[in-house]
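Beneath this line is the structure, given in structure tokens, with notes to follow.
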There are 2 protein chains.
Amino acid sequence: MAANIKTIAAAAGVSCATVSRALNGQPGVGPRTRRRIERIAREQGYVPDAQAQALVSGRLPFVGLVVPDITNPYFPAIARGAEEAAFELGYSLLLVDTAWRSDRVFRALDLLTSRRVAGLLLSVPMERLERTPDWERLRPSVVMAGQPSPHGSGLGAVEVDDELGGRLVGEHLAACGWRRVGFLAGPREDAATRRRLAGLQAAVDASGGALDLVAVRCGEWTEGWGAEEAGRLLDQVPVDALFAANDLLALGALRAAEARGRTAGGDLAIVGYDDIDAAARCRVPLTTVAQPTREVGREAVRRLVARIENDAPLEDLRLPPNLVVRASSDCLTARKAI
Amino acid sequence: MAANIKTIAAAAGVSCATVSRALNGQPGVGPRTRRRIERIAREQGYVPDAQAQALVSGRLPFVGLVVPDITNPYFPAIARGAEEAAFELGYSLLLVDTAWRSDRVFRALDLLTSRRVAGLLLSVPMERLERTPDWERLRPSVVMAGQPSPHGSGLGAVEVDDELGGRLVGEHLAACGWRRVGFLAGPREDAATRRRLAGLQAAVDASGGALDLVAVRCGEWTEGWGAEEAGRLLDQVPVDALFAANDLLALGALRAAEARGRTAGGDLAIVGYDDIDAAARCRVPLTTVAQPTREVGREAVRRLVARIENDAPLEDLRLPPNLVVRASSDCLTARKAI
DNA sequence: TTACGTCGCGCAAACGTTTCCAGGACCGTG
DNA sequence: CACGGTCCTGGAAACGTTTGCGCGACGTAA
């Protein structure tokens, strides 16, 4: 019942080798036998066994995507792009959710060493792992997707220009006439925190005093922490703009501001980062920085596969983010009213 | 360099067979040789080749999850649960995004016939496929996750009790004193549409005239269509409650209602379904039906693996949804005010 | 007719592991 | 001492495919 290359060979009265060559379109098979073999294969409903093929070719047509939490809407977008590209290239996408646990990251890397996948897309922050993976051996078949490559790893990366994103926000705030800006972010050691802050700082420096960075608060990437810390900030420091380095923080800040009688887009600007679905839907639509996540996923897979198959050299790719202006920071209406 | 079972055997002065038995913890190996082999394996950094194992055992430790759109927040939740369970059971999760195209569904089924995966979780609506897959052959290794099994397929399913969900909504509306309810949903042939409506109808019937179903509108599962159709409905029919069979529709309805000067939770009840992230965050927090999606994913994988490994019989599982009451339908405040 | 090139095809090894079967060492009992 | 049994180990086949090599047949040109 299970259609082998052998059963076909037997039915066609030829050897396995001929069947293999015929079905793979290789030369060295007469046109008549070729047609006969193709017909029989069709009749038997033959599907080549990918495992056996992989055993001899050395790789399965799988690429793994490692994310910290697929429930966070940033990652499905990457997954979507990655899956598209993988499908086009004849690969399937393996999803690994590490649940923010770094031991799971190492389990994911095992997928590579045990040859269960041909390559790996790493989309988890690598800042603090308890031990250092053997990048040397992993390098050819790993690429970072939407995250900077770990220091000294030499891994290729497809990422979004966080510094540019921070700068765009700063310039926008300055252009709208906001002056005293506070910065809210996740852990200080995260690359996203550092780079977005650096971009903001650059805009502040370039503003010639028009913009002032009056507070920097680092903590967690959660809405709860954002609400707490934004509340403290608003109580302690006179600010008229808040740049939260992530939309969840911004949503928290929005809550805290409302609780204190401040109105986003009125006497306070709030800007987020990521452009998650909720950013456009909340009470005051949120100005934010949209990341081309789908392109990140797609390009990362393309580059990975190119290197696996042709070991093409991998140059890094840095994609530009996109400022999305909404009501929470736009003061033009307020100005008109004056 | 590549550590084989052979290189270990050579280094330990034994045969491959002994190495295999030792490393798999099987009996029939002396304790001294066993320790020696384990030590050498560790020294050489040996990792078993999953492909070769799969070739002999007949299956790879992969299960595929087929979703129509990973960007839709309903599916990452399933994926999360599925990944958790798969990880616990020693499997990896393959993600297939069909982008709502039914030819992609068939490509996904090919994963099974070409033995690239051990089993498949189908999480796409199967109502209208252009041809019928060979369920007979697929049955042992496919289970539906969060979707009803296609008519006549005999596939096992882990799903959420949509009829109960609809009934809960109806009962809640009746209990709050709303009377004339309109129903909004996606395509009429979708099982979700039919079942949620049936549940609502049951509650209406049981209300003894307290509740009245005055309009049923079917179309698409999108926010845009929801806004349009809700607008038409509000203009044409006097209703005081809207049950949208999906949160996106409900969000659209919310917009349409506001545009007409109606206030959700005030002179109009709006209830959604799914409890997506945005439901709690929108201008008027939305009453909705939360689905235990994570459990769906988890249970589906558990059952699938149980059947693959022990071919355990698969009885269907129907999980209860959960009504989440928020401001958009709660009229207690309104009553108190009266 | 002979020699040579080309074409079509089969044989067998290889990929890395598991597993069945059998052989040998050793021990205890009769 | 002989015999049976248990325990440890090795040989070899098997999983399904790809691929290098060689062999025979056929055709063409000298």
Side-chain angles (χ1 to χ4, degrees), chain A residues 1-38 40-41 44-62 90 110-118 309, chain B residues 1-38 40-41 44-62 90 110-118 309:
Chain A
M1 190 56 222
N4 280 352
I5 218 171
K6 282 184 194 162
T7 64
I8 298 178
V14 297
S15 76
C16 314
T18 307
V19 175
S20 172
R21 280 189 284 255
L23 296 179
N24 290 328
Q26 290 180 355
V29 182
R32 299 180 33 148
T33 17
R34 179 169 305 234
R35 274 193 297 273
R36 186 157 38 97
I37 289 174
E38 285 168 350
I40 295 178
Q44 297 198 2
Y46 169 75
V47 181
D49 185 319
Q51 294 173 23
Q53 287 178 323
L55 184 60
V56 36
S57 80
R59 61 173 65 105
L60 273 168
F62 289 145
D110 286 348
L111 285 174
L112 206 49
T113 49
S114 67
R115 313 228 182 112
R116 273 183 277 250
V117 301
E309 293 185 349
Chain B
M1 190 57 222
N4 280 353
I5 217 170
K6 283 183 195 163
T7 64
I8 298 180
V14 297
S15 75
C16 313
T18 307
V19 175
S20 172
R21 278 189 288 256
L23 295 178
N24 290 329
Q26 289 180 356
V29 181
R32 300 179 30 148
T33 16
R34 179 171 303 237
R35 274 194 297 274
R36 184 157 39 98
I37 289 173
E38 285 169 350
I40 295 179
Q44 297 197 3
Y46 169 75
V47 181
D49 185 320
Q51 294 173 21
Q53 287 178 323
L55 183 61
V56 37
S57 80
R59 60 173 68 102
L60 273 168
F62 289 144
D110 286 348
L111 284 175
L112 207 49
T113 49
S114 67
R115 314 228 180 112
R116 271 183 279 249
V117 300
E309 293 186 349

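FYI, side chains are in, hydrogens and waters are out, and symmetry mates aren't considered; it's all heavy atoms of this structure. Proteins get letters first, then strands, A, B, ... in listed order; numbering begins at 1 in each.
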Between the protein and nucleotides 13-15 of chain D, list the N/O to N/O atom pairs that are separated by less than 3.5 angstrom.
none

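- Here the side chain of A/Asp49 pairs a donor or acceptor atom with the backbone of A/Gln51 at under 3.5 angstrom.
- Nearest heavy-atom pair across B/Leu60 and B/Ala118 is O-CB, 3.2 Å.
- Inspection of the A/Arg116 and A/Ser114 side chains reveals an N or O donor paired with an N or O acceptor under 3.5 Å.
- In this structure, the CD1 atom of B/Ile8 is 12 Å from the P atom of C/dG16, given to the nearest Å.
- For the helix from C/dT1-D/dA30 to C/dG30-D/dC1, the angle separating the two terminal helix axes comes to 60°, with each axis derived from five pairs and the value rounded to 10°.
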Reading nucleotides 6-13 of chain C from the 5' end, what letters show protein touch, with B for base, S for backbone sugar-phosphate only, - for no heavy atom under 4.0 Å?
--SBBB--
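- Dashed line: the shortest gap from a side-chain N or O of A/Gln53 to OP1 or OP2 of D/dT18 is under 4.0 Å.
- The CG-C1' distance, from B/Asn4 to C/dT18, rounds to 15 Å in whole Å.
- One can place CD of B/Gln26 at 12 Å from C1' of C/dT17, the figure rounded to the nearest angstrom.
- Whole-Å rounding puts the B/Arg32 CZ to C/dA25 P distance at 17 Å.
- Distance A/Gln51 CD to D/dT17 P: 11 Å, rounded to the nearest Å.
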